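Contents: one structure, followed by commentary.
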Protein chains: 2
Amino acid sequence: MSAAESPHPSSGARPRRPRPPTMNDVAAMAGVSRGTVSRALNGGHNVSPAAQEAIRKAISKTGYVVNQHARSLATQRAHSVAFILSESPDAFFEDPNYSVLLRGCAQALAIHDMTLLLTIAGTAEDSKRISRYVTAGHVDGALLVSTHAGSPLFDELNARGVPVVACGKPLGHERDVSYVAIDDRDGARRMVRHLRSRGRQRIATITGPLDLPGGVDRLAGYHDVLGQTDPRLIATGDYTQASGEAAMQRLLYEVPDLDAVFVASDLMAAGALTALRRAGRRVPDDVAVGGFDDSKVATATTPKLTTIRQPWARQSAEMARLLLALIDGEQPAAVVLPAELVARDST
Amino acid sequence: MSAAESPHPSSGARPRRPRPPTMNDVAAMAGVSRGTVSRALNGGHNVSPAAQEAIRKAISKTGYVVNQHARSLATQRAHSVAFILSESPDAFFEDPNYSVLLRGCAQALAIHDMTLLLTIAGTAEDSKRISRYVTAGHVDGALLVSTHAGSPLFDELNARGVPVVACGKPLGHERDVSYVAIDDRDGARRMVRHLRSRGRQRIATITGPLDLPGGVDRLAGYHDVLGQTDPRLIATGDYTQASGEAAMQRLLYEVPDLDAVFVASDLMAAGALTALRRAGRRVPDDVAVGGFDDSKVATATTPKLTTIRQPWARQSAEMARLLLALIDGEQPAAVVLPAELVARDST
DNA sequence: CTGAAAGCGCTTACAG
DNA sequence: CTGAAAGCGCTTACAG
């Protein structure tokens, strides 16, 4: 039940929104032409100090702010960027790290006077709508986040020449779309080596979805250290806590003598802890558990998770930087950031 | 260390972005005037079925998408809405629920062809910049999230007649800005009553910041049930996990015989659990712990948290609906949604 | 260094 | 039901 209160008593007819001042108002007040104001605003080249000063005053007196729509129409530049979230069913927003990424990108772009449009491609239909929106030139570029391997977005945006930067390695498009990624494979290697250095012999792993880079690369890192392993040691989850719990249960059933598990995300690791506890295994005494992400969840569990930290703030800054560079006509590039082991109580 | 790989080998000069088709192209292909195309697009009134059909075909053949900047310039409507995040230092993004809110708003707005601009008011300077941006008519309205009591944003946007909807009760502006809130006070009452029904006698509380509605209202609910209590039973945190831990430690020191604690957020409750464990208190045997939010953290802790669920998806939908109504000239309103107790293992 | 003018792509009375 | 035309607020060669 919800209660919708009656309209606020104090509110009469809402005041009509006053028309904001335009460049004409500023020009008139400063005693110059519209063109000169525009030039003063855009770099200030070819404007005398006197005019500059008069304009500055007029702007502050009128409270003038440039109308981005008009500017965009004239320049054919949107001064905005789309943050396209391809949501894997349910799993996506479970990871609090993505909000850090989102915030970081918005702030990095704001510095360059770019605004961030948030779009969510939940369904295939959404995806199509967004693709049209983006290719229609409403934005200058796009940030692709959590986009699965088979998504048509890569090809569509590429074909239209829209500058794009992917978050994480864009599987199948490593060569034709720019990206900034964490070194997932090396992170996985670090964790598995760490587990081995603790004397563990039967090390299992719970992977993420294998059409996402975090899924395949972290598994590859596992194999780098351990070589080919008993295939029963490998279970796959979908990054949700429930999937981690189910995968752990399966592993315990199939490989009862395992003594460690490397889980490809903290949230799944939290699920794994639940399954282990239920099975009466002590962590880390009987089974060591390593996570990935260093998200909030890592310190909320008991015991606290040993995990791999991803430099999210750094990553978002790099994504913004790279996209801005592409928009300015520079060549595509790939940036790979290192991952770091954070040892806590679960190993 | 980061590795910036050399440019992709396959990428030559990036293809110049082709100019997207305009309404003129569609009109020419359909054999009608631009005005008719525009009318067909905006409701289809006064357009013959034949023309309508010809236009439909031309649009699909050309892949035409309306240029929002041009449309906005002509209509004086931005077709977009700002999501203004007033970030309380560090604390904000710890709460994963906000991403659910953000996602919900974006989706609800997308249905109405509105795009969501994400802006972050970290510093006072940001806040000023955003205020100018919004009042300059770049957006049709604003969603205010986590805005502290003293923020000038309320007055500034109100004065300029910008439609605004706040997330949660806007302290000090309940009468002049629309909002949709959870019934914090009643949620707190439910939790405290629940604690009492478990036979607890010395019930402490850890509140949120007292310039945020979740801080004052949840504390008020606590008092509603318990009346005036020993002031030492009340500690204040800032919604971070660390602050919850510190507050719990303080409570244990000052009121060693407490047997329950109502914590105003799950994350702070996770911190409280850590402090309790360190002090050798069993949960719930010695001390019952109640949280608030039903966030991811609530099920990652041991024991899992009894908490108050907030209907975030519902809240975001209501916020979008209300803002759209305001933009269409309707009167301000307040919507209050119920909170629900979720009993788990910590009480 | 500066102004007049064309143009960006759309909407919307207005006349017919 | 339809087209011609003005206008939204800016930028940018162009001429001076």
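Just the heavy atoms: all of them, side chains too, but no hydrogens, waters or symmetry mates, feed the values below. To find a chain, count down the sequence lines: A is the first, B the second, and so on, and within it residues start at 1. Computed from a prediction, not measured in an experiment: that's the story for all the values here.
- Here the closest non-hydrogen pair linking B:L326 and B:P163 is CB-CB, 3.9 Å.
- Rounded to whole Å, the P atom of D:dG9 lies 23 Å from the corresponding atom of D:dA13.
- The shortest side-chain heavy-atom distance between A:L85 and B:R103 does not fall under the 4.5 Å cut-off.
- A pairwise comparison of heavy atoms in B:V165 and B:Y179 identifies CG1-CA, 4.2 Å as the closest pair.
- Ring geometry, A:Y133 versus A:H138: the interplanar angle falls from 30° to 60°, so the pair is classed tilted.
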For B:L144 and B:L157, what are the C-alpha separation, side-chain angles and deciding distance, and is it a side-chain contact (heavy atoms from CB on, under 4.5 Å)? CA-CA 10 Å; B:L144 246 35; B:L157 301 190; 4.2 Å; yes
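- Bounding nucleotides for the chain A contact on DNA chain D, 5' to 3', at a heavy-atom distance below 4.0 Å, are D:dG9 to D:dA13.
- Contacts of residues 34-43 of chain A with DNA chain D (heavy atom under 4.0 Å): A:R34, A:G35, A:S38, A:R39, A:N42.
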Could you spell out the base pairing of DNA chain D in dot-bracket, with Watson-Crick or G-U pairs whose two distances are under 3.5 Å, [ ] crossing and | to another strand? |||.||||||||.|||
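- The pair B:R160-B:E156 fails the salt-bridge criterion, with no side-chain N (NZ, NE, NH1 or NH2) lying under 4.0 Å from an Asp/Glu carboxylate O.
- Side-chain contact between A:H79 and A:T115: absent, with no pair of heavy atoms (C-beta onward) separated by less than 4.5 Å.
- Using a 4.0 Å heavy-atom cutoff across all strands shown, A:N67 reaches sugar-phosphate atoms only and no base atom.
- Taking 4.5 Å as the limit, every side-chain heavy atom of A:R77 sits out of range of all side-chain heavy atoms of A:S72.
- Mapping B:S33 and A:V65 onto DNA chain D via the closest heavy atom, the residue that lands nearer the 5' end is B:S33.
- Between A:V139 and A:L117 the shortest side-chain heavy-atom distance falls below 4.5 Å.
- Taking atom C1' in both C:dG16 and C:dT12, the straight-line distance is 16 Å, to the nearest Å.
- Residue A:C105 comes nearest to A:L116 through the heavy atom pair CB-CD2, 4.2 Å, listed as atom of the first residue, atom of the second, then distance.
- In terms of position on DNA chain C, the residue among B:T75 and A:V47 whose nearest nucleotide sits closer to the 5' end is A:V47.
- Using modelled atom types, one side-chain atom of B:S316 and one backbone atom of B:W312 make a donor-acceptor pair closer than 3.5 Å.
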